[in-house]
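Below: one structure, written as structure tokens.
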There are 2 protein chains.
Amino acid sequence: MKRMEDRVFREFLQKKGLKFTKERAAILKGVFSARGHFDPDDLLIKMRGKGIRVSKASIYRTLPLLLESGLIEQVLKVDKHAHYEHTFGRGHHDHLICLKCGKVIPLYSRKLEKLQENLCRKEKFKCLTHTLEIRGYCLRCNSKSGLS
Amino acid sequence: MKRMEDRVFREFLQKKGLKFTKERAAILKGVFSARGHFDPDDLLIKMRGKGIRVSKASIYRTLPLLLESGLIEQVLKVDKHAHYEHTFGRGHHDHLICLKCGKVIPLYSRKLEKLQENLCRKEKFKCLTHTLEIRGYCLRCNSKSGLS
DNA sequence: ATTGTAATTGAGAATCAGTTGCAATTATAA
DNA sequence: TTATAATTGCAACTGATTCTCAATTACAAT
Ligand SMILES: [Mn+2]
Ligand SMILES: [Mn+2]
Ligand SMILES: [Zn+2]
Ligand SMILES: [Zn+2]
């Protein structure tokens, strides 16, 4: 059974006059078999672990295509590198990031999304995407941190 | 007349057992004489232009201190480098970023901030900071872009 | 004012994510 | 099957940020 995301990506590429190569297919598969967030290097290592040979360059070249096709989203820049997650089949969400343990908690609020849209409308700004990152301490880390 | 931010920074440093050096003072001054956003290199160039000699290293070492002291905020990672702005005396705000012309429009909504706080409370997440970046097209770029 | 000491500095080397040039390979439409 | 433009891996390259280290300096305690 062909996965739906293959279809989407294939059509996206076709529309741009680009090729659906085995490398791109493999990267797509690798991306979609990730449970949560990943960065380009995670992906490379995971694929190599499974014996799939793709170059770093191809990964870096393919991720922007997946991004453009809407199959993945760039989540944030942790430390100094980009993180992604696939969003096809899942909904958009924002992130709470624990500064102590690094946990990333998804957050979705319809109300919040609507409010943002309204604010943009008011500014006459055509909103395409957004990233909201809230940093602080998760429940566990906050209770452990001594302060009452 | 001594600037208020000098005082704040000095006290911050003292509390941490760090020194208020002339380099740090100069960097602080450079930061606060910037109108809007800046990145480390902007700052370096501007200071050199004024004949103030500080090393790149000192700038990169001082910015995190200013961040920690609450005098500046990290705005976002454009391209691949960090951007900052001083927020002392000004309020916190989020950003609308035009993908075409690069314009950055400040956005503040009390309602939005409150909503975020409530959401965090609901998740029992101790929120310290957040960054909201909305990307799309500004009024001017959107009307120019042909699509109706 | 002098001194002791830990913090700081500048310069350049090092690091590291991400990009690029290029020759060999491959998808795909005709 | 062929023509052709797109793609690949590799290694060299960027450019931002961090680090190393010897020389300097702030500043608290004499
Ligand atoms: Mn997520
Ligand atoms: Mn701003
Ligand atoms: Zn945590
Ligand atoms: Zn614009």
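Naming: A, B, ... by sequence-line order, numbering from 1 per chain. A quick note: this is a predicted structure, and the numbers were derived from the prediction, not measured.
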Exercise for the section: Say whether, by atom type as modelled, one donor and one acceptor occur between the side chain of A:His130 and the main chain of A:Leu128 under 3.5 angstrom. Expected result: no

Practice task
Output all residues satisfying ring-ring contact (aromatic ring centres under 6.0 Å, His included) with B:Phe32, sequence neighbours left out; order by chain, then residue number.
Solution key: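 For B:Phe32 the ring-ring contact (aromatic ring centres under 6.0 Å, His included) partners, ignoring immediate neighbours, are B:His86.
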
Exercise for the section: To the nearest 0.5 angstrom, please state how far the CD1 atom of B:Ile27 sits from the CG atom of B:Leu66. Expected result: 8.0 Å

Problem - A:His95 and its side-chain hydrogen bond (donor to acceptor under 3.5 Å, both in side chains) partner, picked from A:His37, A:His83, A:Glu133, A:Arg135 - result: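 When side-chain hydrogen bond (donor to acceptor under 3.5 Å, both in side chains) is applied between A:His95 and each of A:His37, A:His83, A:Glu133, A:Arg135, only A:His37 qualifies.
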
Handout entry: B:Leu13 vs B:Ala57, nearer the 5' end of DNA chain C by closest nucleotide
Key =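 Its nearest nucleotide lies further toward 5', so the answer is B:Leu13.
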
Completion exercise
Of B:Gly17 and B:Ser55, the one whose nearest nucleotide on DNA chain C sits closer to the 5' end is B:Gly17

Problem - Residue closer to the 5' end of DNA chain D, B:Pro40 versus A:Val54 (nearest nucleotide) - result: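 Nearest-nucleotide comparison on DNA chain D picks A:Val54.
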
Problem - Residue closer to the 5' end of DNA chain D, B:Asp41 versus A:Ser58 (nearest nucleotide) - result: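 In this pair, the answer is A:Ser58.
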
State which of [options] makes the closest approach to the side chain of [X].
{"X": "B:Arg24", "options": "D:dT8, D:dT17, C:dT8", "value": "C:dT8"}
{"X": "B:His81", "options": "D:dA16, D:dT8, C:dA11", "value": "D:dA16"}
{"X": "B:Tyr60", "options": "D:dT18, D:dC19, C:dT9", "value": "D:dT18"}

[N] phosphate, OP1 or OP2: any side-chain N/O from [X] under 4.0 angstrom?
{"X": "A:Thr21", "N": "D:dT8", "result": "yes"}
{"X": "A:Gln14", "N": "C:dA29", "result": "yes"}
{"X": "B:Lys19", "N": "D:dA28", "result": "no"}

Please state how far atom [atom1] in [X] lies from atom [atom2] in [N], giving the value in whole angstrom units.
{"X": "A:Leu43", "N": "C:dG18", "atom1": "CG", "atom2": "C1'", "result": "15 Å"}
{"X": "B:Ile52", "N": "C:dT9", "atom1": "CD1", "atom2": "C1'", "result": "16 Å"}
{"X": "A:Lys22", "N": "C:dA27", "atom1": "NZ", "atom2": "C1'", "result": "9 Å"}
{"X": "B:Lys16", "N": "C:dT8", "atom1": "NZ", "atom2": "P", "result": "10 Å"}
{"X": "A:Lys15", "N": "C:dT28", "atom1": "NZ", "atom2": "P", "result": "16 Å"}
{"X": "A:Leu44", "N": "D:dC10", "atom1": "CG", "atom2": "P", "result": "11 Å"}
{"X": "B:Phe20", "N": "D:dA26", "atom1": "CZ", "atom2": "P", "result": "12 Å"}
{"X": "A:Asp42", "N": "C:dA17", "atom1": "CG", "atom2": "C1'", "result": "13 Å"}

Exercise for the section: Tell me whether B:Leu18 is reachable from B:Val31 by hopping between hydrophobic residues (I, L, V, M, F, W, Y) whose side-chain heavy atoms are closer than 4.5 Å. Expected result: yes

Practice task
Remember a base hit wins even if backbone is also touched, and classify B:Arg61 as base, sugar-phosphate or nothing at under 4.0 Å, heavy atoms.
Solution key: base

Exercise for the section: Would you indicate what A:Lys56 reaches in the nucleic acid, counting non-hydrogen atoms under 4.0 angstrom: base, sugar-phosphate, or nothing? Expected result: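 It contacts base atoms.
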
